[in-house]
S.K.: 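Would you mind keeping the following structure in view while I ask a few things?
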Amino acid sequence: MGETITFWVLAVVSVSAALGLVFSRKAVYCALMLGVVMFSLAVLYAVQDAPFLAAVQIIVYTGAVMMLFLFVLMLVGVDSSDSLVETIRGQRFWALVAGLAFAALVGLAIGNTIVGPAAGLAGATQAAGGNVPALAQLIFSRYVFAFEVASALLITAALGAMVLAHRERVRPKPTQKELARARFFSGYAPSLPGPGTYARNNAIDMPALLPDGSVSRLSVNRVIARHDVDDDHFPEDAKLADAIRQAVEEEGK
Amino acid sequence: MTTHYLVLSALLFSIGAVGVLVRRNAIVVFMCVELMLNACNLAFVTFARQHGNLDGQIIAFFVMVVAAAEVVVGLAIIVTIFRTRRSASVDDANLLKY
């Protein structure tokens, strides 16, 4: 009885979270939805006599993999929203049809099979004295080769990620002296104003002012500016508001 | 009860597949792939219980290992593409097309 209730609650939660993952526009919401699905699956593993896998699911998936996703999301995609333009005509419709057809196919296949009562894992784990010892015995005997190959795979993946993410420096790192020299020769203000020198606000959504009173375009935060335009929330100063609008328009081009 | 778990797994797998087909942001596509892998794991664990045999759980464990490795490499590729194209959309990475 307890298992039935757990299953139905988690089934509803995980399916709706999976739908949220597919349909929410913002990538961070997608990541959170995926976390919910992974967490409910961990509980379902625990219910199905797989406590070790439940722990691994939480540690590896909701712990490591989700953190990695969020890191990359913060690095890359938070302000890159999904475009709604279909590059292939009718792609959404046919993708939906394919998904429904696949679900129906697998669902009917499962429905047509005659499944007896589950054998349960009590017999398999009893001899070794528990789920974890039984899994350990299998991994280090019958599956020991796969286990070793998995370690090789993990090392290869770590190396691959390092090689892919590594950026070769094509020119030497500029020293402080060279940076200062370049700034003086650029014809721009010889020293940048310290924060707050010309500012009348110190909030991060306010554009900074340059010595001549004009607005520094560099100081407009694109993400915050877009939120400002979406929420129609502008500073009272018309000059600052114009700078924010311009930044959003230029980004849209 | 086993059938229920299998149907749930099939549903999650199909939702993930639709997501892979529909979404354009490479990271979200990747998340949908993870969802499909998770759905398969659920089926493995369910079959392990159905047959009273721990092999299914071992396979699910190895799927997790491979998925972790795949995420690391895949996200590194996405970061590299983002560096050169300034975009994480799968539509922009079409240089191999022609």
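All heavy atoms count here, side chains included; hydrogens, waters and symmetry mates do not.
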S.K.: Would you please classify the geometry between the A:Phe102 ring and the B:Phe13 ring as parallel, tilted or perpendicular, with 30° and 60° separating the classes?
M.R.: tilted
S.K.: With a 4.5 angstrom heavy-atom cut-off, could you sort out which part of A:Leu21 is near chain B: side chain, backbone, both or neither?
M.R.: both
S.K.: Below 4.5 Å, heavy-atom pairs only: which of A:Ser14, A:Ala98, A:Gly111, A:Gly160 has the largest tally toward chain B?
M.R.: A:Ser14
S.K.: Do B:Asp55 and A:Tyr143 come within less than 4.5 Å of each other through their side chains, counting heavy atoms only?
M.R.: yes
S.K.: Tell me which of these, A:Val106, A:Val37, A:Leu44, has more heavy-atom pairs under 4.5 Å with chain B than the rest.
M.R.: A:Leu44
S.K.: Does any heavy atom of chain B fall under 4.5 Å from the side chain of A:Trp94, the backbone, both, or neither of them?
M.R.: neither
S.K.: What residue, out of A:Thr156, A:Leu96, A:Leu19, has the most heavy-atom pairs lying under 4.5 Å from chain B?
M.R.: A:Leu19
S.K.: Scan for side chain to side chain donor-acceptor pair (under 3.5 Å) pairs involving residues 57-79 of chain B, sequence neighbours excluded, and state none if there are none.
M.R.: A:Asn131-B:Gln57
S.K.: Which heavy atom of A:Cys30 sits nearest a heavy atom of B:Arg23, and at what distance?
M.R.: SG-NH1, 3.7 Å
S.K.: Pick from B:Asn41, B:Ile58, B:Leu11: which one has the most heavy-atom pairs with chain A under 4.5 Å?
M.R.: B:Ile58
S.K.: Would you mind checking which part of A:Val47 comes under 4.5 Å of any heavy atom in chain B, side chain (CB onward), backbone (N, CA, C, O), both or neither?
M.R.: side chain
S.K.: Would you mind reporting whether A:Arg92 and B:Leu21 have side-chain heavy atoms less than 4.5 Å apart?
M.R.: no
S.K.: Parallel, tilted or perpendicular: which one describes the rings of B:Phe61 and A:Phe52, with boundaries at 30° and 60°?
M.R.: tilted
S.K.: Taking distance alone, no hydrogens or angles, what donor-acceptor pairs closer than 3.5 Å link side-chain atoms of residues 55-73 of chain A to residues at least two apart or in another chain?
M.R.:
unit_1	atom_1	unit_2	atom_2	d
A:Gln57	NE2	A:Met38	O	3.1
A:Gln57	NE2	B:Asn38	OD1	2.9
A:Thr62	OG1	A:Ile58	O	2.5

